[in-house]
Amino acid sequence: MDYFKRTRVADIILKEKVSVGQETIVMGWVRTARESSNVAFIDINDGSCMGNLQAVIDNPTNFPALKEIATGAAIRVAGTLVESPAKGQKVELAVKELQLLGKADNTYPLQKKRHSFEFLREIAHLRPRTNTFGAVGRLRSKIAYAVHKFYQERGFYYIHTPIITASDCEGAGDMFRITTLPLNQAPVLDGHIDFNQDFFAAETFLTVSGQLEAETAALALGDVYTFGPTFRAENSNTSRHASEFWMIEPEMAFCNLQENMQIATDFLKYLFKYALDECADEMNFFNSWIDKTVIETLTHVIESDFVRLPYTDAIKELEKAKVKFEFPVKWGIDLQTEHERYITEQVFKKPVIVYDYPKSIKAFYMRINDDGKTVGAMDVLVPKIGEIIGGSQREERYDVLKAHMEEKGLNLDTYSWYLDLRQYGTAPHSGFGLGFDRTLMYISGMANIRDVAPFPRVPRWAKF
RNA sequence: UCCCCUGUAGCUCAGUCGGUAGAGCAGCUGACUGUUAAUCAGCGGGUCGCAGGUUCGAGUCCUGCCGGGGGAGCCA
């Protein structure tokens, strides 16, 4: 094969690395083929970029392979790069050799026409060959790289927290069980399943968050981040929830809540700017075909100062609102989607960080403020989605944490290692979580999380 | 889990008052001297999600189940 001799389409039409007159080999998949008696055109896409390379065949009768070449076929073409006499493309390939590598017959499900995303989900193995899913795939890769780049440039260490866990990051939702016990005849002891006989000699689950483990790393390596899969067994049937999704969780030692907010702000702006700068073609595509406001929205966020608003003030804003909310507002409630969107879209019209939430509605590990009623939690709210980041300063005081855990009815034995962190060399520290797939939805304008994950897992769907 | 919508050709959909199945695209065949999701002509294509019920007769009305979408909750 000519793997090392082939030129990627991106290098030809985007980066213009090939000059006119040069002999070129291109391999890819046929998007459309148009044939008349004296000339044939084949649009080739090789996944390297949005655009296709137009291959031109001047004397179709000399290329019998053409008969079998239809949308979806994999082909190899060799020829000379020439200036295109027609509109639509700067350059094209004047074909000298044409080879069919893998044909696609008339059962190939992708048409030249637009398909519904619902249909494409059922052929998740073929949908990356469409413009939209090709663009999503490239964006996902680039943004994943940008995540690492942001933290690595700032001296953070990338840590791998366990995917199989025996502890529950409290409040983060239902978990998937991991077991090798036979489901129909699990060993029973005193009326309960005897997990001592299970593979790990303990009850184990798929992780819902790497945060608690990340804290152990932060209190040794200083600044760390996780970036990996997490799992929720919630029966959530919405366009924003998946049962398996990727999350980024930075954790910083010697960092308070306000400093945490600054990192969250810088991080979001960095990712959005990276998308606009490094995925320009894809972003233009999304802006034309998916959501005509995405570029404007991202640009606005990048240029905005994020408002920092204490929860108590947020409640005041909501109370003086003229709109009627489905969920009535009063101090102590958790903010609903409608409240979050009202604050960020109507009141401030830019990202808002709400912080110092009531203790009762937040998790046990959040640092209790001096008022005794609120904790150092923060949520970053952005227009169009609402909450995109949730984070907090962690409780570093042993006695306070222990009392809070007892108050919430947690099993101290399970978390003894977590309490140990406060027993030995404790330090103020903070962190937050950003859902990677949701970030991609925000950047691309794609409305359903099932369409930004290559193989989404949601209730009743784990195909491919 | 709750509320609303929806399921008809490979795809996107129409189908009126209950009267026996239709369009565009795709596909196939042919035409065409540079096309751009080419164009033009012709052709084939259906277990109307599944099961039951009402009726002389059901794609259409009713019940149940299953699938899909939107919104809410939970959350990221």
Side-chain angles (χ1 to χ4, degrees), chain A residues 30-43 45 51-60 67 70-72 82-89 92 94 104-123 126 130-131 169 171-174 208-211 229-249 289 325-327 334-338 340-341 361-363 379-382 385-391 432-442 447-453 458-461 463:
Chain A
V30 174
R31 282 294 172 81
T32 64
R34 298 174 289 277
E35 202 183 335
S36 62
S37 55
N38 291 326
V39 65
F41 302 93
I42 306 173
D43 284 337
N45 186 285
N52 304 325
L53 179 72
Q54 176 163 277
V56 186
I57 294 165
D58 272 329
N59 39 355
K67 281 205 179 67
T71 302
V82 297
E83 278 180 44
S84 178
K87 280 183 189 170
Q89 58 282 317
E92 59 192 26
D105 68 13
N106 60 19
T107 61
Y108 184 62
L110 294 173
Q111 307 170 12
K112 298 170 197 174
K113 210 180 80 173
R114 210 185 142 94
H115 289 91
S116 68
F117 290 151
E118 292 79 15
F119 169 68
L120 291 172
R121 268 172 224 152
E122 292 171 7
I123 49 167
L126 295 173
T130 63
N131 283 332
C169 191
D174 294 336
V208 291
S209 165
Q211 183 204 311
T230 47
F231 307 87
R232 304 278 164 91
E234 292 284 339
N235 188 15
S236 297
N237 294 288
T238 83
S239 53
R240 301 181 310 282
H241 290 81
S243 312
E244 175 182 313
F245 62 98
W246 281 55
M247 190 156 60
I248 302 136
E249 295 178 291
W289 298 99
F325 295 115
E326 191 190 336
F327 294 87
D334 203 356
L335 299 183
Q336 304 295 322
T337 303
E338 56 174 344
E340 293 175 342
R341 293 190 59 171
I361 58 170
K362 289 291 183 181
D379 286 345
V380 181
L381 315 180
V382 291
I385 284 202
E387 182 182 340
I388 193 168
I389 283 179
F432 60 84
L434 173 69
F436 184 60
D437 305 79
R438 281 193 188 170
T439 305
L440 292 177
M441 290 171 69
Y442 198 72
N448 197 311
I449 198 165
R450 294 168 180 87
D451 298 326
V452 295
V458 295
R460 297 185 302 280
W461 188 270
K463 287 183 194 165

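Every chain is numbered from 1 and lettered A, B, ... according to where its sequence line falls, protein lines coming before strand lines.
- Under the 4.5 Å side-chain criterion, counting only non-hydrogen atoms from C-beta, A:M441 is in contact with A:I449.
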Derivation and outcome, side chain to side chain contact (heavy atoms under 4.5 Å, CB included), residues A:H115 and A:I123: CA-CA 11 Å; A:H115 289 91; A:I123 49 167; over 6 Å; no

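- Comparing B:C74 with B:U63, their C1' atoms sit 32 Å apart, to the nearest whole Å.
- Under the 4.5 Å side-chain criterion, counting only non-hydrogen atoms from C-beta, A:L335 is not in contact with A:E387.
- Rounded to the nearest 0.5 Å, atoms CD (A:E340) and CG (A:D379) are 6.5 Å apart.
- For the atom pair A:S239 OG and A:F117 CZ, the distance stands at 13.0 Å (nearest 0.5 Å).
- Taking atom C1' in both B:C65 and B:U20, the straight-line distance is 27 Å, to the nearest Å.
- Interatomic distance, A:E326 CD to A:E338 CD, rounded to the nearest 0.5 Å: 6.0 Å.
- The residue A:H241 sits close to a base: some heavy atom pair falls under 4.0 Å.
- Backbone-only contact: A:T32 has heavy atoms under 4.0 Å from sugar-phosphate atoms and none from a base.
- As a whole-Å value, the separation of A:E234 CD from B:U1 P is 12 Å.
- In this model, no side-chain donor or acceptor of A:R31 finds a partner on the base of B:A37 within 3.5 Å.
- For the pair A:R114 CZ and B:C11 P, the computed distance is 17 Å after rounding to whole Å.
- Of the C1' atoms belonging to B:C32 and B:A41, the separation is 11 Å, rounded to the nearest Å.
- Rounded to the nearest 0.5 Å, atoms CD (A:E249) and CG (A:L434) are 10.0 Å apart.
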Intra- and interstrand pairs of RNA chain B - dot-bracket, Watson-Crick/G-U under 3.5 Å, | marks other strand: (((((((..((((.....[..)))).(((((.......))))).....(((((..]....))))))))))))....

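- Interatomic distance, OG of A:S209 versus CZ of A:R232, reported as 7.0 Å (0.5 Å rounding).
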Base versus backbone protein contacts along nucleotides 24-34 of chain B [heavy-atom cut-off under 4.0 Å; B, S, -]: BBSS----BBB

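- Rounded to the nearest Å, the gap between the C1' atom of B:A14 and that of B:G59 is 12 Å.
- One atom, CG of A:N235, and another, P of B:A72, lie 16 Å apart when rounded to the nearest Å.
- In this structure A:V458 satisfies the side chain to side chain contact (heavy atoms under 4.5 Å, CB included) test together with A:A242, A:R450, A:W461, sequence neighbours excluded.
- Between A:V208 and A:T230 there is no side-chain heavy-atom pair separated by less than 4.5 Å.
- Where A:Q336 and A:W289 meet RNA chain B, the nucleotide closest to each residue was compared, and A:W289 sits on the side nearer the 5' end.
- Comparing the P positions of B:U8 and B:G68 gives an interatomic distance of 14 Å, to the nearest angstrom.
- One atom, CZ of A:F325, and another, P of B:A72, lie 14 Å apart when rounded to the nearest Å.
- Nearest-nucleotide mapping onto RNA chain B: of A:G435 and A:T337, the residue sitting toward the 5' end is A:T337.
- Taking atom C1' on both nucleotides, B:C4 is separated from B:U55 by 30 Å, rounded to a whole Å.
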Reading 5' to 3' through nucleotides 40-50 of chain B, protein heavy-atom contacts under 4.0 Å coded B for base, S for sugar-phosphate only, - for none: -----------

Contact state string [nucleotides 64-71 of chain B, B base, S sugar-phosphate only, - no protein heavy atom under 4.0 Å]: ---SSSSB

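- Looking at A:R438 and A:F245, their side chains never come closer than 4.5 Å, going by heavy atoms from C-beta outward.
- Residue A:F117 is out of contact with every strand shown, counting any heavy-atom pair closer than 4.0 Å.
- In terms of polar N and O atoms assigned as donor or acceptor, the side chain of A:S236 comes within less than 3.5 Å of the base of B:C74 in a complementary pairing.
- Look at CG on A:L335: it is 16 Å from C1' on B:A72, rounded to the nearest Å.
- Remark: P of B:A37 and CG of A:N45 are 14 Å apart, rounded to the nearest angstrom.
- When the C1' atom is used for both B:G19 and B:C28, the distance is 35 Å, rounded to whole Å.
- Expressed to the nearest 0.5 Å, how far OG1 of A:T71 lies from CG of A:L110 amounts to 9.0 Å.
- A:I385 pairs by the side chain to side chain contact (heavy atoms under 4.5 Å, CB included) definition with A:V382, A:Y442, not counting sequence neighbours.
- Rounded to whole angstrom, the span from the CZ atom of A:F327 across to the P atom of B:C2 amounts to 16 Å.
- Atom P of B:G46 sits at a distance of 27 Å from the matching atom of B:G53, rounded to the whole Å.
- For the pair A:T238 (side chain) and A:R240 (backbone), a donor-acceptor distance under 3.5 Å is present.
- Atom CG in A:L434 sits roughly 18 Å away from atom P in B:C75 (whole-Å rounding).
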